[in-house]
Peer 1: 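Encoded as structure tokens, here's the structure I'll be asking about.
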Amino acid sequence: MPSSILQKFRNIGRLTHIVNILARYGFKREIQRTELGDLIQNQTNDSTLHDQHMNTSHSIAKRLAMAFEELGPTFVKLAQILAAREDLLPKNFVEEFKRLHDRVKPLPKEVVEKCLLDEFSEDILAEIEDFDYVPIGSASIGQVHRALLKDGRHVVFKIQRPDINIIISNDLAILMTIASILETAMPELRLLRPTVIIEELRRSLLNELDYLREASNTERMRAFFKDHKNIEIPQIFYKYCTSKILCMSEIKGTKLTGKLENKNTKSLARLGVEAFLDMTFKFGVFHGDLHPGNFILMDDGKLAIIDFGLTVRLKRDIRNTMAFMFYSLSKQDIETCARLFIDLTENDDLTSNDQLESEITEILDNIITLPAQEMHLGKVLMRIAKVSARKGAPLERELILFFRALIALENFGRSMDAKFQILEFSTEYAEKNALFHFDKKWFERNISLAMHDSGAFIKDLPITLRILAKKLQTGSLAFQFKSEDIIFLTREIDRASNRLSLAILIGSIVLGSSIATYGKQGRLYDSLATFGLIGFGIASVLGLWLILGIIRSGRFK
């Protein structure tokens with residue numbers, strides 16, 4: 001085993017475990033292409049051979065998803081992040097990763113009791129009247145319990161699994177090094193940017209491990225919707241919150257994951273999608289995982305939204321661009337829509353932008369004439385994102401998460417109302433909320449900057465023109481061009497000129513020395529002959545120096 005591997009990992013046992021599980025699911029050949037190949041252990045018993053045969057009978061995507069599920073919470077979260085990168089991964093991988101869920105046993109009662117004792121003082125624990133140790137939900141990072149406080153409030157506690165932060169930190173370190181190794185050993189994976197994805201996973205998991213951050217996200221959303229008549233966000237009770245325990249008001253009702261009897265599902269669809277658009281375009285922060293399981297129809301008819309572990313902020317300029325993009329698409333102005341989409345990408349190459357615009361226009365041309373029921377806005381945007389990524393113009397993670405949320409919301413809307421159209425609804429929403437008009441603060445800020453820059457330009461313009469006119473009259477106007485090629489050429493000409501001058505000088509010295517040493521008689525001529533000999537010596541030294549310089553330059557031939 002290479003010593004570099006030992007130096008990179010403290011937990012070499014965990015790394016060996018990861019490598020061998022991946023090998024067992026049929027990735028042995030790929031691993032052997034890297035320096036991790038030496039960690040593969042030879043296992044030849046009958047049960048292992050049977051497992052390997054069963055595993056390799058599945059598709060690559062299925063086998064990778066199965067391996068991630070067996071490897072635990074960090075890899076499950078990695079699969080969930082990869083499932084959001086429909087712009088980079090093939091569809092079959094995305095579908096397999098989407099189906100991947102945490103499958104963990106609930107924590108025993110004594111472990112939950114210990115978590116409460118470690119995090120809360122005796123005074124806080126005394127304020128909990130009743131605690132239900134049977135969880136209503138259990139995942140790889142934490143699980144949720146109902147409780148009753150002594151003041152009569154019904155709450156839920158979200159409790160983090162013990163030492164899960166240590167497990168995840170170790171796995172993240174291992175994953176980052178594996179990603180670096182894969183990028184070096186397998187150039188075909190560089191387009192996927194493994195190290196960037198692992199860094200994204202690191203940020204996401206560290207945020208999810210900090211329950212105080214989730215509490216802050218939830219309270220912020222609650223403040224946004226505090227005056228809304230039909231939207232409810234759970235209340236956070238900070239007194240009972242720590243970085244590992246979250247306490248909030250209990251939301252009683254029915255999750256929108258199944259059929260609802262005798263309910264106006266059409267209005268629910270519009271209400272849920274409108275709430276998401278409010279988050280995005282009014283407040284600039286949207287729920288990054290807004291699937292039907294996070295919508296609850298309360299007993300009083302309100303629609304509650306829960307689970308704000310992942311929230312995403314969109315900058316104002318991006319929100320404005322997307323609003324105009326949706327509007328232009330609804331009006332079938334595909335050229336404007338294509339150009340606005342390119343404005344969202346991370347690419348400044350005008351040549352490639354022209355090519356990308358042509359491809360986007362072609363995609364929009366093909367879908368713009370489809371019947372309304374066949375138009376899937378989120379999927380169309382994700383398809384265009386894939387084309388952009390292949391052209392070297394990827395989108396920011398926040399936009400990919402937004403497109404993914406659109407797909408989920410579109411599916412949710414149609415499950416509630418078969419005729420629901422998110423493009424039509426979002427256009428109506430934008431017009432109703434005047435999203436296509438610059439708000440007053442934005443306009444005042446940007447117009448003041450523009451006026452400041454224009455004023456400075458106008459102020460300096462007469463002086464600049466006067467200087468230019470004076471230089472034109474005196475003939476002293478000169479333009480300076482700077483180019484690396486021109487600078488290199490100038491240096492080469494200077495070097496050649498210096499050598500030529502030196503060669504002429506050497507020739508002159510030799511000629512003069514020859515004349516001085518020509519056969520004459522007398523004291524004067526003896527002195528001149530001496531100077532001639534000295535001249536020959538100087539010429540020899542200079543000539544040798546010139547030859548060595550030419551040889552060192554590599555241009556002797």
Side-chain angles (χ1 to χ4, degrees), residues 1-25 27-28 30-41 63-85 88-89 93 97 100-104 115 118 139-142 160-214 242-244 288 309-310 397 401:
M1 179 171 54
S3 60
S4 60
I5 294 292
L6 288 172
Q7 293 170 358
K8 289 173 182 174
F9 300 109
R10 294 180 180 177
N11 192 348
I12 195 67
R14 174 60 173 166
L15 175 61
T16 303
H17 179 66
I18 292 170
V19 167
N20 282 277
I21 285 182
L22 291 172
R24 180 155 55 84
Y25 280 95
F27 299 101
K28 183 175 181 179
E30 288 78 6
I31 295 171
Q32 287 176 334
R33 290 173 57 185
T34 73
E35 56 185 300
L36 297 171
D38 291 335
L39 295 175
I40 297 177
Q41 299 171 347
R63 286 187 278 123
L64 190 59
M66 292 166 65
F68 280 2
E69 185 173 22
E70 186 172 338
L71 285 169
T74 309
F75 288 81
V76 171
K77 293 298 178 183
L78 173 60
Q80 291 171 354
I81 285 180
L82 290 172
R85 297 315 305 257
L88 297 176
L89 287 179
F93 280 85
F97 290 154
L100 195 59
H101 299 288
D102 298 334
R103 296 178 184 175
V104 293
C115 290
D118 289 343
S140 58
I141 291 180
Q160 192 173 116
R161 290 179 175 271
D163 300 327
I164 190 66
N165 58 329
I166 298 174
I167 295 171
I168 287 177
S169 296
N170 288 337
D171 281 353
L172 285 172
I174 291 172
L175 276 172
M176 181 55 77
T177 306
I178 290 176
S180 301
I181 292 172
L182 291 177
E183 283 188 351
T184 303
M186 301 179 183
E188 63 269 23
L189 293 179
R190 289 177 187 168
L191 181 62
L192 298 178
R193 301 189 295 176
T195 53
V196 175
I197 291 175
I198 300 304
E199 177 58 28
E200 180 182 324
L201 171 65
R202 188 189 70 82
R203 292 199 309 268
S204 176
L205 281 174
L206 291 181
N207 290 340
E208 194 168 343
L209 286 170
D210 185 2
Y211 283 177
L212 288 176
R213 183 182 181 90
E214 182 176 344
T242 70
S243 62
K244 296 182 179 180
L310 175 62
R397 167 181 175 266
L401 289 174

Peer 1: When rounded to the nearest 0.5 angstrom, what distance separates CD1 in Ile31 from CD1 in Ile40?
Peer 2: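 Rounded to the nearest 0.5 Å, the CD1-CD1 separation comes out at 4.5 Å.
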Peer 1: Mind running side-chain contact (heavy atoms from CB on, under 4.5 Å) on Leu64 and Phe93 for me, showing each step along the way?
Peer 2: CA-CA 9 Å; Leu64 190 59; Phe93 280 85; 4.1 Å; yes
Peer 1: Just how far is it from atom CG of Leu22 to atom NZ of Lys28, taken to the nearest 0.5 Å?
Peer 2: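 Output value for this atom pair is 13.5 Å.
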Peer 1: For the backbone of Gly142 and the side chain of Arg161, can you confirm whether one donor and one acceptor N or O come within less than 3.5 Å of each other?
Peer 2: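 It does not hold such a pair.
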Peer 1: For the residue pair Phe68 and Phe97, does the interplanar ring angle fall in the parallel (under 30°), tilted (30 to 60°) or perpendicular (over 60°) class?
Peer 2: parallel
Peer 1: Measure the spacing between CD of Glu69 and OG of Ser140 and express it to the nearest 0.5 Å.
Peer 2: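 Rounded to the nearest 0.5 Å, the CD-OG separation comes out at 11.0 Å.
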Peer 1: Which distance, rounded to the nearest 0.5 Å, do you find between the CG of Leu205 and the CD1 of Ile141?
Peer 2: 5.5 Å
Peer 1: Please examine the side chains of Leu78 and Ile198, heavy atoms only from C-beta on, and report whether any two atoms are closer than 4.5 Å.
Peer 2: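 Counting from C-beta outward, Ile198 and Leu78 do come under 4.5 Å.
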Peer 1: Mind checking the OG1-CD1 spacing from Thr16 to Ile21? Nearest 0.5 Å is all I need.
Peer 2: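 It comes to 11.5 Å.
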Peer 1: Would you please test Leu172 and Thr74 for side-chain contact (heavy atoms from CB on, under 4.5 Å) and show each step?
Peer 2: CA-CA 7 Å; Leu172 285 172; Thr74 309; 4.2 Å; yes
Peer 1: Atom CD1 of Ile174 and atom CZ of Arg14: how far apart are they, to the nearest 0.5 Å?
Peer 2: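 It comes to 6.5 Å.
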Peer 1: Assess whether side-chain contact (heavy atoms from CB on, under 4.5 Å) is satisfied between Arg202 and Leu206, documenting all intermediate values.
Peer 2: CA-CA 6 Å; Arg202 188 189 70 82; Leu206 291 181; 3.1 Å; yes
Peer 1: Closest heavy-atom contact between Leu212 and Ser243?
Peer 2: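 Scanning both residues completely, I find the closest heavy atoms to be CG-N, 3.8 Å.
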Peer 1: With respect to Ile18, which candidate in Leu71, Leu39, Leu175 satisfies the side-chain contact (heavy atoms from CB on, under 4.5 Å) definition?
Peer 2: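 Of Leu71, Leu39, Leu175, side-chain contact (heavy atoms from CB on, under 4.5 Å) with Ile18 is met by Leu71 alone.
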Peer 1: Considering only NZ, NE, NH1 and NH2 on the basic side and carboxylate oxygens on the acidic side, decide whether Arg24 and Glu70 come within less than 4.0 Å.
Peer 2: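 Looking at Glu70 together with Arg24, the answer is yes, because their closest N to O distance falls below 4.0 Å.
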Peer 1: Determine, step by step, whether Leu310 and Glu208 satisfy the side-chain contact (heavy atoms from CB on, under 4.5 Å) criterion, reporting the C-alpha distance in whole Å, the side-chain angles of both residues, the deciding distance to 0.1 Å, and the verdict.
Peer 2: CA-CA 7 Å; Leu310 175 62; Glu208 194 168 343; over 6 Å; no
Peer 1: Do you know which two heavy atoms are closest between Arg397 and Arg203, and how far apart they sit?
Peer 2: CD-NH2, 3.8 Å
